[in-house]
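Read through the structure below, which is laid out as structure tokens, and then see the notes.
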Amino acid sequence: MNDKKFYVSTPIYYVNDKPHIGHAYTTILADVLARYHRRLDIPTFFLTGTDEHGQKVQKAADEHRMTPQEQCDTTVVRFKELWKKLDISNDHFIRTTDPEHKKVVQAILQNLFDRDLIYKAEYEGHYCVPCERFFTAKDLVEGNLCPECRRPTNNIVESNYFFRMSNYQEWLIDYINTHPDFIQPAFRANETLGFLKQPLSDLCISRPKSRLAWGIELPFDNDYVCYVWFDALINYISGVGYMTDEEKFKKWWPVSYHLIGKDILTTHTVYWPTMLKAMGVEMPQSIFAHGWWLTGREKMSKSLGNVVNPMEMCDRYGVDAFRYFLMAEMPLGQDASFTEEAFVTRYNSDLANDLGNLLSRVVKMTLRQTNGVIPQPEAYGEDEKDLMAEIDRAVAELPQMLDEMKLNRGLEVVMQAIRAGNRYMEKTAPWTLAKKGETGRLNTVLYCSAELLRKAATLLHPVMPHKMTELLEALGMTGEAAANPDIAQLNDDKNVLSGLKMNDILALFLRIQAEEPAAKPLPQEKPAKPAKQENKPQAAKTEMPEGLITIDEFFRTQLKTAKVMEAERVEGADKLLKLQIDVGGEMRQLVAGVAQYYAPEQILGKTIVIVANLKPAKIRGIESQGMLLAAKNADGLKIVTIDGNMPSGISIG
RNA sequence: GGCGGGUUAGCUCAGCUGGUUAGAGCGACGGAAUCAUAAUCCGUAGGUCCACGGUUCAAGUCCGUGACCCGCUACCA
């Protein structure tokens, strides 16, 4: 870690994927780490890119009547655009179709082949075309179905080339055991070790062109192309000059962090290290697997329609706020839950109320008292010492937290200092000092609050580059000092502020109004506008005519048919019936306020309509998991039923 | 089934190598203040630290057992 350089990588993303919050998270995390290290004056290299070979690309190309290369060229843009929007500061964007990369891959293949680390053998297996994977007979489900996608597999016998991965099993186990930071978090190392308890087989690294032509040709057999994973992993070294620019390679390798999602753990902790070992290349310092973003408690998936679109979040709330939320909300290595409600809460309390408002009160105060000129402070009293200690603690601890990949904790320490800033304002009450004419003390207070903000903004700059530069400019800073504030220099207590003239600023983070978030659906797929639309949270609210909702809003309510299996009165309540209903095989209990209109036996057996995703509630101590629909007026109440026969559990819409 | 992790205030979580009245953020309630983005500040939350048993002068913090949840892995020799 102390070798004074920092190289961080993201996985290279498959070009045919649509960028989602997972891609965005990994890449923003890498970006934030890269920016921090740059601000700490550590030479930094940040690599991301795209994985462009393989069957899906070829298939998509065929459908679009393009060459695979053209297909890649058109789809790679999705990622490049998103990274631009998210302010990703990668030093290089590698594509596996880059000629240099291909050359490196081929050279590696040839070298391993020459050393008999790659050999040819016959392989028999059940191949699933959509998954591009072989399975052994015992993997299959229900006869010959693919265990991943449940589609039929083909039995194929073919010759292929294999990498002698099994040679390195013992070595790898030992390496992991003796290098505790190699795989992080530690429990992921454990999982890898668990995987390595089974005998490690050799890795098939080729595909016959007859089946798949879109890939890097094997240099020693032009009937085959290289298996995508083998090709893709090599980007981490080919992207920093391996075999093409030894000086560059020496400078950056080994990588400080390979950031990955937990779904690609094995490829990175087993395949990749054994490949490197075979090549005689040094191991990565660390492979870090982060968790997933969930929607509430559920995994995000297209079929569930609960995918968070990063582009939309940025359009609505601003890139910086989005980046802040992702970094602040995800604890080390774990899964985290993304809800718009949580986003709005954190945005309002951390960014708008604590930080933005503090800036606002300091700037307005200074503008009024000294015409905006930041005064010279007098000697510090206890309050000032406490305040500065608070922010200096953040200065000291944040880099530590970074080293431990505890970004959320690091940000929390900064937020603590900001809250201390608000307390300091209350305690010293500069508005009162002004009235009393205690200008000396007032000057100290104005200076110290500005100084606190300056340091906090510097520390937060890697996470929120635009907004923190705005903040620094409001304090009167200009040029590089505002655009690229240096964390490394935060320790020398030079007074850089006195004499600067503050600039008035509109709310740095405009508060998001309370009832907004839940009601507003994420707009559809289409990225609305190009980047510059920074942060106008409430702009979104004007789009929809009052009283109307979108189809998406409607579908947030899951209506389903249900069959009433049991019904009884709730004791001590004259309006309530307790129902046991069947919703497509799932039994639920529901308390309904219909007892004055329906006797239990009247409702029994009916197919009713319920709101299936209503938050459960307790009514007179009885759990009610949903509500039924009914029409009611002064004359009576009628339950909504289905016209004709329908099974229970059917979605209505 | 095996291996690993988790179960702490309404919610999300922090509590390192065991040691004074168990903490933070958010939310809720009460109050103060008015420089500020209806923002801020102060106070309150009386939590069986999952359960039971054990080690210890002392356990949320170590050991054992059980329950529930999650991850990986395998469907048992």
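Atom set for the values below is all heavy atoms of this structure, side chains included, hydrogens, waters and symmetry mates excluded. Here is the naming used below: chain letters follow the sequence lines, and residue numbers restart at 1 for every chain.
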Separation of atom [atom1] in [X] from atom [atom2] in [N], rounded to whole Å:
| X | N | atom1 | atom2 | answer |
| --- | --- | --- | --- | --- |
| A:Ile418 | B:G25 | CD1 | P | 14 Å |
| A:Leu506 | B:A36 | CG | P | 15 Å |
| A:Leu265 | B:U73 | CG | C1' | 13 Å |
| A:Arg346 | B:U12 | CZ | C1' | 9 Å |
| A:Met502 | B:C35 | CE | P | 18 Å |
| A:Leu196 | B:C72 | CG | P | 16 Å |
| A:Asn422 | B:U34 | CG | C1' | 14 Å |
| A:Arg368 | B:U34 | CZ | P | 14 Å |

For [N] versus [M], give the span between their [atom1] atoms, rounded off to a whole number of Å.
| N | M | atom1 | value |
| --- | --- | --- | --- |
| B:A59 | B:A67 | P | 26 Å |
| B:G23 | B:U8 | C1' | 10 Å |
| B:C70 | B:A32 | C1' | 46 Å |
| B:U21 | B:U65 | C1' | 32 Å |
| B:A22 | B:G15 | C1' | 8 Å |
| B:G18 | B:G54 | C1' | 15 Å |
| B:U48 | B:G10 | P | 8 Å |
| B:G60 | B:C52 | P | 13 Å |

Any luck finding a side-chain donor-acceptor pair between [X] and [Y] under 3.5 Å?
| X | Y | answer |
| --- | --- | --- |
| A:Glu378 | A:Thr444 | no |
| A:Glu384 | A:Tyr447 | no |
| A:Ser360 | A:Asn357 | no |
| A:Arg361 | A:Asn422 | yes |
| A:Asp202 | A:Ser166 | yes |

Please list all pairs passing the salt bridge (Lys or Arg N to Asp or Glu O under 4.0 Å) test where one or both residues lie in residues 262-275 of chain A, with sequence neighbours left out.
A:Lys262-A:Asp335

Which salt bridge (Lys or Arg N to Asp or Glu O under 4.0 Å) pairs, counting each pair once, include a residue from residues 166-182 of chain A, with sequence neighbours left out?
none

Stretch residues 425-443 of chain A: residues that reach within less than 4.0 Å of RNA chain B through a heavy atom:
A:Met425, A:Glu426, A:Trp431

Short side-chain N/O contact to [N] OP1/OP2 from [X], under 4.0 Å:
| X | N | result |
| --- | --- | --- |
| A:Arg511 | B:A39 | yes |
| A:Lys364 | B:U37 | yes |
| A:Arg188 | B:G71 | no |

Which heavy atom of A:Gly291 sits nearest a heavy atom of A:Met330, and at what distance?
O-CE, 3.8 Å

Just checking [X]: base, sugar-phosphate only, or nothing, at a heavy-atom cut-off of under 4.0 Å?
| X | result |
| --- | --- |
| A:Arg409 | sugar-phosphate |
| A:Ser349 | sugar-phosphate |
| A:Gly356 | base |
| A:Asp354 | sugar-phosphate |

Should the pair A:Phe343 and A:Phe325 be assigned to parallel (<30°), tilted (30 to 60°) or perpendicular (>60°) ring geometry?
tilted

For A:Tyr168 and A:Trp171, take the angle between the two ring planes, folded into 0 to 90°, and tell me which bin it lands in: parallel under 30, tilted 30 to 60, perpendicular over 60.
perpendicular

Look at the side chain of A:Thr345 and decide which nucleotide, out of B:A36, B:C26, B:A39, has an atom nearest to it.
B:C26

Closest of B:U37, B:C72, B:C35 to the A:Ser360 side chain is B:U37

Should we count NZ of A:Lys501 as having more than 12 external heavy atoms under 6.0 Å?
yes

Looking only at N and O atoms, is any donor in the side chain of A:Asn353 or the base of B:A39 less than 3.5 Å from an acceptor on the other one?
no

Might you work through the side-chain contact (heavy atoms from CB on, under 4.5 Å) test for A:Tyr317 and A:Phe322, ending with a clear yes or no?
CA-CA 7 Å; A:Tyr317 301 114; A:Phe322 182 59; over 6 Å; no

Could you tell me which residues satisfy ring pair (Phe, Tyr, Trp, His ring centres under 6.0 Å) with A:Tyr324, sequence neighbours excluded, listed by chain and number?
none

So that I can compare with my own list, what are the stems of RNA chain B, taken as at least three consecutive Watson-Crick or G-U pairs with distances under 3.5 Å?
B:1-7 with B:67-73, B:10-13 with B:23-26, B:28-32 with B:40-44, B:50-54 with B:62-66

Closest-nucleotide mapping onto RNA chain B: is A:Glu329 or A:Lys262 further toward the 5' terminus? I mean the 5' end.
A:Glu329

Taking for each residue the nucleotide of RNA chain B with the nearest heavy atom, is it A:Leu355 or A:Phe195 whose nucleotide lies nearer the 5' end?
A:Leu355

Please enumerate all protein N or O atoms sitting under 3.5 Å from an N or O of nucleotides 4-10 of chain B, with distances to 0.1 Å.
none

A:Tyr236 ring center near A:His258 ring center (under 6.0 Å)
yes

